Amino acid sequence: MTDLLATLNEEQARAVTLPAQHALILAGAGSGKTRVLTTRIAWLIQTGQATPQGILGVTFTNKAAREMHARLAAMLPVNPKAMWIGTFHGLCNRLLRAHHRDAGLPQLFQILDSGDQLSAIKRLLKTLNVDDEKFPPRELQHFINAQKEQGVRASAVDAFDDFTRRRVELYAEYEAQCQREAVVDFPELLLRTYELLSRNEPLRQHYQRRFRHILTDEFQDTNKLQYQWLKLLAGGENSESPACLFCVGDDDQSIYRFRGAEVGNMLAFEREFKVPNVIRLEQNYRSCGNILDAANAIIANNTQRLGKELWTDRGEGEPIRVYEAFTDGDEARFVVDEIQSLVRDGMSRSDIALLYRANALSRVLEHQLFSAGVSYRVYGGLRFFERQEVKHALAYLRLIANPDDDTAFARVVNFPTRGIGARSLEALQDAARTYNSSLYATVSHLSGKPRAAIGAFVQLIESLRSATVNLPLPEAVDHVLDQSGLRAHYESQKEKDGRERLENLDEIISAATNFVAENEVPEPAVEHPLLADFLAHASLEAGDHQADASEDAVQLMTVHAAKGLEFDVVFVCGLEEGLFPHENSLMETDGLEEERRLMYVAVTRARQRLYVSLAQSRMLHGQTRYNMRSRFLEEIPDTLTKWLTPKSGGGQAPARPSHFSPSPASAPRRPASAAHAPGRDLGGLRIGQNVRHARFGAGIIVAAEGSGSDARVQINFGAQGMKWLLMSVAKLDPA
DNA sequence: TACCGCGCCATTTTT
DNA sequence: TGGCGCGGTA
């Protein structure tokens, strides 16, 4: 028992060995939070305070769930499968499958991922003849999901205007369509489970008695519904013997407000449950002192905090390197040069990460990496189960499992093409509406040409189904790929991506093989063994972002994608006002603070060395923009930084080696190009020039128009905004 | 039915 | 600047 605790620090050990009560663990970046979470579970079991069956572990990502599982398997002699550890969605799927009848669902209900959901909404709008200009599908999807994530059904939405009332009607229609088709979208998984457990008291009590310890990771990312779900399962505040909630999170790393996360849940939890144990994990095992000091200094500017300060006993380490380039191209060139020199010194490329606020920034970086022949990997592209050809194949499988899945039906009824045109489909959809049945079931009501063509498709599905009833899953998949004509279709495509798509189709068979190996086939033989489970798996876990971990490649990703990861060397690029913090965020409540948390996340990814860089001019959306230095850069104390380019200018004015004085040797190699200074007479000023205004402070000239006494310039004053000023009136001093 | 071209848009995203 | 989605045309 002691060995479990042997390597923990005092606070970690305190958290792990807390009595069986509610607890809130404020775990700073790199403070060993996953370790504490898993050791807590192991400790509870080892000391006999909990049984594996009594544990419910909740995470946000499949990756986190897998990691917890793996660590526990290594720590405990018990079968880790007895513990329920998974994502909110995965656990809900499990509960809904087990109690599908009580939840009002058929056993083989299908799960819609976001893309499927959007197609379903588009189809709905089409059948209802709704103007999708007035009700854009994406916007409606967002509306519906936001309601569900608040725990609000269509019947319960407060609508005070016609527009909202109409959207609520559409929400209701969508609910009905999903029910008819036996499909469930992501938020529905949670809401259904929540409703099931609130409505069905015996069932709720069963699980409340079973799960005596509920442990949640990344608690700061929970939305309202997820928190309600946890409360319900724990037995709530007024239960006689509620389960112990052990919530781990970091308010400073809350960066998903835009998708419904409510940091407020941390405070609410502490208050509502009168949490007797709040522990802060502040010792950081990841980064050197200077990096942590910078992170602490940055985040200290936020006002809405629970309060925490990271420290390390590793020493201060290297200073933070700052580079201010003229252009985005120069910035990228600097980054790549630096990477090459690091690699020459023996660093692996895969220990280096390039982080940016927005995906658009990856382009320049990729360009330079590519030209320099440095292998790299960009996170965030299409994932395996989201690829077109894979979705097509899955659609056939879905129809075998559940013929009422109209989304799947519509997707492949004419793919590969089999002469089913828009007119046939329209006839089918009209009939389906009349008979209030699924597309598949409606085919028998058709007549004439549509009947023949679509009937043949139904025959195909029927024959696929009967041919695969008793086949092991991988063989069933193989059969479907052949008989659906998908293989032949991509084989006939001679283009390079035809080949690639074929490979992906084969990869589905591998995925099925792996899936079967990891999941036992149920003993009394059932039809289509594991098919529904595999399909749920494909929806719930879209697969890695094109992982090729074997290759030693530089890692490129957004700051969001980097959360939870760490690297020896980190470059944070594009530290400019408007970009990071992003200009759109400044309009949102709490937007700037969330941006700052993002910056905090970015900085704390670095173990040994941190670079922060910016470009004075950047090509964005086809236009050259002149941005000011990010305020977040200014928030890092000078004592922690080492400028690789001369730092000039006061306040937020960007340093810019002047045109009028020769650049020192350490300055960027290339002078600012002539493009920065169009031939307009601006009284000695030029576009891109730093200026100072008596009232607005430091700014940068971004555009000019007119001439003589009419000449006006547009100036980006950063936080003060963008202004047009008359040259003859405004007093501008070169900065 | 398939392809081309135009026009619009442009933070962040897991399940 | 570039990607995507829609609409028109061959």
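Predicted, not measured: the structure shown is a model, and the values here were computed from it. Every chain is numbered from 1 and lettered A, B, ... according to where its sequence line falls, protein lines coming before strand lines.
Classification of the A:Phe88-A:Phe60 ring pair by plane angle, with boundaries at 30° and 60°, yields perpendicular.
Backbone-only engagement by A:Asn414 is indicated by non-hydrogen atom pairs under 4.0 Å involving sugar-phosphate atoms exclusively. Note on A:Gly564: nothing from the nucleic acid sits closer than 4.0 angstrom, heavy atoms only. Residue-level contact check: A:Asp113 touches neither bases nor backbone, having no heavy atom under 4.0 Å from any strand.
If you check distances only, the side chain of A:Ser114 never reaches the base of B:dT13 with a donor-acceptor pair under 3.5 Å.
Aromatic stacking of A:Phe258 on B:dT12: satisfied, with centres closer than 5.5 Å and planes within an angle under 30 degrees. With centres under 5.5 Å and a plane angle under 30° as the test, the ring of A:His89 is not stacked against the base of B:dT15.
For A:Glu218 and B:dT15, the CD to P distance is 12 Å, given to the nearest whole Å.
The separation of C:dG5 from B:dT12, taken at their P atoms, amounts to 16 Å, rounded to a whole angstrom. Here the separation of B:dT14 from C:dG3, taken at their C1' atoms, is 23 Å to the nearest Å.
When each of A:Asp250, A:Asp251, A:Asp252 is paired with A:Arg305, the salt bridge (Lys or Arg N to Asp or Glu O under 4.0 Å) condition holds for A:Asp252 and for no other.
Non-hydrogen atoms lying under 4.0 Å from DNA chain B are contributed by A:Thr558, A:His560, all within residues 555-563 of chain A.
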